[in-house]
Structure formats: structure tokens, C-alpha cells
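Scroll down for the structure; my scribbles are underneath it.
Since the structure is predicted, the reported quantities are computational estimates derived from the model, not experimental observations. First listed ligand is number 1; within each ligand, the first listed atom is number 1.
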Amino acid sequence: MPHDFMPGLAGVPAAKSAISDVDGTRGILEYRGIRVEELCQHSSFLETSYLLLFGRLPNASELTQWVNDVTHHRRIKFRIVDLLKVMPEHGHPMDALQAAVAALGMFYPGRNVKDVENNYWSAVRLIAKLPTIVAAWARLRRGDEYIPPRDDLPFAENFLYMLTENMPHPLWSEVFDDCLILHAEHTMNASTFAGMVTASTLADPYTVVASSIGALKGPLHGGANEEVVMMLRDIGTPAQAKSAVEARLQGKNKLMGFGHRVYKVKDPRATVLQDLCMRLFNVCGTSPLYEVAVAVEQLAGERLKEKGIYPNVDFYSGIIYDKMGIEVDLFTPLFAMARVSGWLAHWLEQLRENKLYRPDQIYSGEHDRHYVPIDRR
Ligand SMILES: CC(=O)SCCNC(=O)CCNC(=O)[C@H](O)C(C)(C)COP(=O)(O)OP(=O)(O)OC[C@H]1O[C@@H](n2cnc3c(N)ncnc32)[C@H](O)[C@@H]1OP(=O)(O)O
Ligand SMILES: O=C([O-])CC(=O)C(=O)O
């Protein structure tokens with residue numbers, strides 16, 4: 001039966017899912033029915049990952065077990081470290097992460113994705129090891145030693161420690177953990193869909209996550225967080241925001257960190273991220289980038305509101321990471337460290353009633369042509 005062609009599959013449901021829901025006109029995001037704001041207030045990233053993967057909040061002993069399992073699988077094989085060491089140091093960290101995640105699968109070759117226990121341990125490993133890979137790459141590329149994870153440190157704190165070799169301010173760990181919660185899942189976004197297409201072939205979860213990492217990297221998706229900070233640095237001061245925004249819009253250039261396929265109001269995560277900026281600034285002092293961002297938001301609001309274009313999750317997140325001294329090209333890997341929970345939740349959901357993704361196309365080419373020998377072309 002012929003269907004209308006929807007570019008970018010806009011508005012076309014690609015799955016039935018009980019993992020998360022977005023109300024794009026009211027600006028609401030729920031994970032398993034719970035609003036993200038509430039999760040940031042009361043939960044932790046690892047508890048939220050459990051919620052996403054297994055459909056409900058864990059009880060106390062389940063949470064202890066889950067946190068223990070993840071904590072004790074954070075180490076990476078020395079060969080993964082060696083692999084990172086030989087990659088070109090100017091390469092993008094998302095490429096290093098994608099390659100290392102694909103390589104991880106070679107160490108855990110269980111091909112049977114119907115094995116529930118094996119799937120549990122794959123999910124544990126991927127959530128546990130992505131931060132170790134990101135931190136290892138960040139250090140190794142500049143010639144510093146890899147710092148192994150510390151089992152006595154919670155998830156966010158351990159990551160910041162592995163990155164810097166210093167114990168982070170407790171507020172940094174709290175704020176960073178909230179950032180991870182906010183980035184953990186978001187319905188049928190491009191990277192989740194990419195992973196699900198791979199999952200539908202019954203490929204192993206390392207390959208699934210490697211596919212998702214590839215899709216997240218692009219500047220129209222997760223890669224926008226990096227672009228935003230470059231754009232704000234480029235603009236420089238709030239006073240220069242007006243001419244910079246006008247120049248961009250007149251040149252038909254997009255404002256990075258603005259617009260969304262589903263939200264036609266401000267992304268609720270952007271609002272929480274702004275609150276997190278404030279919490280951080282109260283202790284560590286403000287950021288000049290934040291003043292520029294607020295000016296850009298105000299100007300863009302005036303120019304773009306009739307199109308329903310407002311800040312998305314990528315607009316304020318980088319300002320937080322930048323304030324923590326994290327390098328700009330690591331922002332999208334940080335997104336991946338969180339989103340791996342969502343990718344894996346969709347992978348497990350997909351496996352329950354798997355159907356190979358194989359959409360149709362509308363052929364727009366010619367028929368009945370013939371081969372022309374090269375001397376007659
Ligand atoms: C985690 C995430 O993935 S969140 C998204 C991160 N990406 C970005 O921040 C990149 C900038 N934003 C964008 O490119 C887009 O808003 C997207 C890709 C996120 C969603 O876009 P789509 O739903 O495909 O809408 P599309 O790109 O077709 O834009 C529709 C209209 O809004 C305009 N528009 C959309 N986003 C922006 C923007 N950021 N700045 C200026 N104009 C914009 C387009 O120019 C277009 O205008 P037109 O109808 O006059 O031609
Ligand atoms: O939902 C989307 O298309 C993009 C997004 O905000 C996300 O993945 O967090």
C-alpha cells in the first residue's frame with residue numbers, strides 16, 4: 001500500500017515504547033512516567049538508568065546491587081588503553097569512543113542476544129566503561145597517564161576524578177550527575193533510532209551502541225553542544241549578540257542549540273540546565289559565556305518564536321562543562337556516557353518483539369536503461 005513520503009520520518013511512529021515520553025507543546029519530558037525535573041531532584045544517574053532499563057525504580061537492595069555491579073565493571077582492558085594510545089591525538093573523541101566501544105565487543109563476544117543474563121552484563125559493562133574510555137582518551141591524547149577508576153567513588157565523582165586526577169568539588173559531582181540524568185533518554189531521537197535499526201538485525205549491544213555514537217556525533221544532534229560553545233565564544237560579549245544573531249539568521253545559518261523536531265516550546269532540560277548553571281556559579285563564580293547565551297536566547301526568542309524555535313538541551317549544557325574546565329570536544333562524549341542508558345533501554349525493548357527495520361522507498365530514478373561502453377560516453 002503506498003504511503004506519503006515524510007522527509008526525516010517527521011511525525012512517523014517508528015516503534016511502540018514505554019520508556020519515555022515528550023510533550024512538545026507543553027515542554028514535558030518523562031522517563032517511565034516520571035518527570036525529569038523530579039528525577040534530578042531526587043534520583044541519581046545510576047538509579048535513573050535502572051528505571052529506564054527495567055521499567056521501575058529499584059528497591060534499596062536492587063539499587064545497591066546495580067550500583068555495585070556498575071562500579072565493579074568500570075575498568076577497561078589494557079588493550080583498549082593501548083588502542084586509544086595509538087589513535088591520532090587530533091582525532092575527535094567521538095571517533096575514539098566509537099572505535100573503542102566497537103572494540104569492547106571483541107572482548108565479550110556473546111552473540112546470543114536472547115540470553116537475558118548476558119544482556120544484563122552487557123548493559124552493566126557499557127554504562128560502566130564509557131566514562132572510563134572518555135576520561136582515558138582525554139588524558140592519553142595529551143600524553144598523560146590513564147587514571148583507572150576508583151571503586152570507592154560514586155559514578156559522577158569518579159568520572160571527574162579520572163579526567164583530572166583531582167577530587168571534584170562535591171557540588172560539581174551533583175551538578176554533573178544531574179546533567180547525566182537530563183541526557184539519559186529522549187524517545188525516538190536520531191541516535192536511538194540508529195541503534196534500534198542495528199539492534200533489529202540482532203547485532204550485539206556493543207555494535208548497537210557504536211552505531212548510536214556515530215549518529216549522536218553530528219552537529220544537528222548531540223554534536224550541537226560543542227558547536228554552541230564555539231558559537232558563544234565567537235560572539236564574545238552580550239553587546240555583540242544582536243549583530244551576530246542577525247548575521248546568522250540573514251545568512252540562513254542555524255543558531256546552534258536552538259530548535260527541535262518535537263519541542264515547539266523551550267526544552268524543559270534547557271530550563272533545568274540553566275538552574276544548574278546558577279547553582280554552579282553561586283559557588284564558582286559566573287561564566288562570560290552564560291551572559292552571551294542569555295542575550296542570544298532573548299534575541300532569538302524575538303526573531304524565531306513564530307516558528308516555535310527555542311533553546312534545546314544542547315544550549316546550556318556546554319556552559320556547565322566549560323565552567324568545570326572540560327574541553328569542548330569532550331561535550332558530545334559526555335552526552336553519550338548518559339544516553340547509553342536510553343540506547344540500551346530501547347535495545348532491550350526492541351528485542352522483546354523484534355522486527356527487522358526495513359522501510360520502503362519511493363523510487364525516483366529511471367528504468368530500462370542500458371550499459372554504454374566507455375568509448376561511447
Ligand atoms: C540533542 C539534540 O539533538 S537537540 C537538537 C540539536 N541540534 C541543534 O541545536 C542544531 C540546530 N537546530 C536544527 O538544526 C534544527 O532545529 C533541528 C535539526 C534540531 C530540528 O529541525 P527540523 O525539525 O528538521 O526543522 P528544520 O531544520 O526543517 O527547520 C524548520 C524551520 O526552522 C528553522 N530553524 C530550525 N532550527 C533553527 C535554528 N537552530 N536556527 C535558525 N533557524 C532554525 C529552519 O531554518 C526552517 O525554517 P524555514 O521553514 O523558514 O526554512
Ligand atoms: O529528540 C531529539 O530528536 C533530540 C534530542 O533532544 C535528544 O536526543 O535528546
Side-chain angles (χ1 to χ4, degrees), residues 6-15 17 19-25 27-31 36 39 48 52 94 179-196 211-232 235 241 244-273 293 296-297 299-319 321 331-343 345-346:
M6 302 301 290
L9 299 181
V12 178
S17 178
I19 300 168
S20 67
D21 190 42
V22 173
D23 181 331
T25 47
I28 295 173
L29 169 59
E30 293 170 332
Y31 296 168
V36 281
L39 289 165
T48 298
L52 290 169
M94 283 296 273
C179 290
L180 294 176
I181 292 176
L182 291 171
H183 287 84
E185 158 62 10
H186 209 254
T187 72
M188 200 47 54
N189 58 84
S191 56
T192 298
F193 184 49
M196 285 177 65
S211 303
S212 292
I213 291 171
L216 187 71
K217 183 186 174 196
L220 294 186
H221 189 19
N225 61 6
E226 181 180 331
E227 301 281 333
V228 168
V229 163
M230 317 256 254
M231 178 182 82
L232 297 177
I235 295 173
V245 168
E246 281 307 326
R248 274 196 164 244
L249 295 180
Q250 270 166 24
K252 298 249 173 252
N253 291 316
K254 284 184 169 168
L255 286 175
M256 299 315 282
F258 276 81
H260 200 278
R261 180 63 64 75
V262 186
Y263 291 117
K264 298 304 158 208
V265 293
K266 186 167 174 175
D267 185 328
R269 299 168 296 177
T271 307
V272 182
L273 286 162
V296 169
E297 180 179 349
L299 292 158
E302 288 157 19
R303 290 283 269 101
L304 297 171
K305 68 168 175 275
E306 69 280 5
K307 285 191 187 171
I309 292 168
Y310 293 94
N312 58 49
V313 69
D314 290 323
F315 194 59
Y316 285 104
S317 59
I319 296 173
Y321 305 143
F331 295 176
T332 315
L334 303 185
F335 194 152
M337 276 163 45
R339 185 56 60 85
V340 67
S341 309
W343 294 332
H346 284 274

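Regarding atom 3 (O) of ligand 1, its nearest protein heavy-atom neighbour is His221 ND1, 2.7 Å. Taking atom 22 (P) of ligand 1 as the reference point, the nearest protein heavy-atom neighbour is Arg261 NE, 3.7 Å. Looking only at heavy atoms of the protein, atom 12 (N) of ligand 1 is closest to Phe258 O, 2.8 Å. Nearest to atom 8 (O) of ligand 2 among the protein's heavy atoms is Arg339 NH1, 2.8 Å. In terms of protein heavy atoms, atom 3 (O) of ligand 2 is closest to Asn189 CB, 3.7 Å. Of all protein heavy atoms, the one lying nearest to atom 32 (O) of ligand 1 is Ile309 CD1, 3.2 Å. The nearest protein atom to atom 4 (C) of ligand 2, hydrogens excluded, is given as His260 NE2, 3.4 Å; this is a heavy-atom distance. Scanning the protein heavy atoms around atom 31 (C) of ligand 1, the nearest turns out to be Lys307 CD, 4.4 Å. Scanning all protein heavy atoms for the shortest distance to atom 19 (C) of ligand 1 gives Gly259 O, 3.8 Å. Nearest protein heavy-atom contact of atom 1 (O) of ligand 2 is His186 ND1, 2.7 Å. The nearest heavy-atom contact from the protein to atom 10 (C) of ligand 1 is Met256 CE, 3.6 Å.
Aromatic ring centroids of Tyr263 and His186 lie under 6.0 Å apart.
By the criterion of a heavy-atom distance under 4.0 Å, the backbone of Pro219, and not its side chain, is placed next to ligand 1. Counting heavy atoms closer than 4.0 Å to ligand 1, residue Val228 contributes nothing at all. Contacts of His221 with ligand 2, taken as heavy-atom pairs under 4.0 Å, involve the side chain alone.
Near Gly257, the atoms of ligand 1 lying under 4.0 angstrom from a non-hydrogen atom of the residue are 8 (C), 9 (O). Atoms of ligand 1 found under 4.0 Å from any heavy atom of Phe335 (numbered from 1 in listed order, with element): 1 (C). Near Ala224, with a cut-off below 4.0 Å to any heavy atom, the atoms of ligand 1 are 6 (C), 7 (N), 8 (C), 9 (O). Heavy-atom proximity to Leu255, at under 4.0 Å, picks out these atoms of ligand 1: 11 (C), 38 (C), 39 (N), 40 (N), 41 (C). Near Val313, meaning under 4.0 Å from one of its heavy atoms, ligand 1 places the atoms 1 (C).
Atom 14 (O) of ligand 1 lies below 4.0 Å from at least one non-hydrogen atom of the protein. Under the 4.0 Å distance rule, the nearest protein heavy atom to atom 25 (O) of ligand 1 falls outside the cut-off. Within the 4.0 Å cut-off (strictly below), a protein heavy atom is located near atom 8 (C) of ligand 1.
Assignment of Arg269 to the shell around ligand 2 is supported, since a heavy atom sits closer than 4.0 Å. By the 4.0 Å heavy-atom criterion, Leu249 is counted among the residues contacting ligand 1.
The closest donor-acceptor contact from the side chain of Lys264 to the backbone of His260 lies under 3.5 Å. Between the Asp267 side chain and the Val313 main chain, a donor and an acceptor come within less than 3.5 Å of each other. Looking at Ser20, its side chain does come within 3.5 Å of a backbone N or O of Thr187 through a donor-acceptor pair. Arg339 places no side-chain N or O within 3.5 Å of a backbone atom of Ser191 that could act as its donor or acceptor partner. The main-chain N or O of Lys254 is found under 3.5 Å from a side-chain atom of Arg248 such that the two form a donor-acceptor pair.
Evaluated by nearest non-hydrogen atom to atom 2 (C) of ligand 1, the leading choice among Asp314, Asn312, Asn189 is Asp314.
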I would like to know whether Phe331 and Val228 meet side-chain contact (heavy atoms from CB on, under 4.5 Å); could you show each step before the answer?
CA-CA 10 Å; Phe331 295 176; Val228 168; over 6 Å; no

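The distance criterion of under 3.5 Å between nitrogen or oxygen atoms is met by Lys254 with respect to ligand 1.
Between Phe335 and His221, the two ring planes are perpendicular [angle over 60°; tilted spans 30° to 60°].
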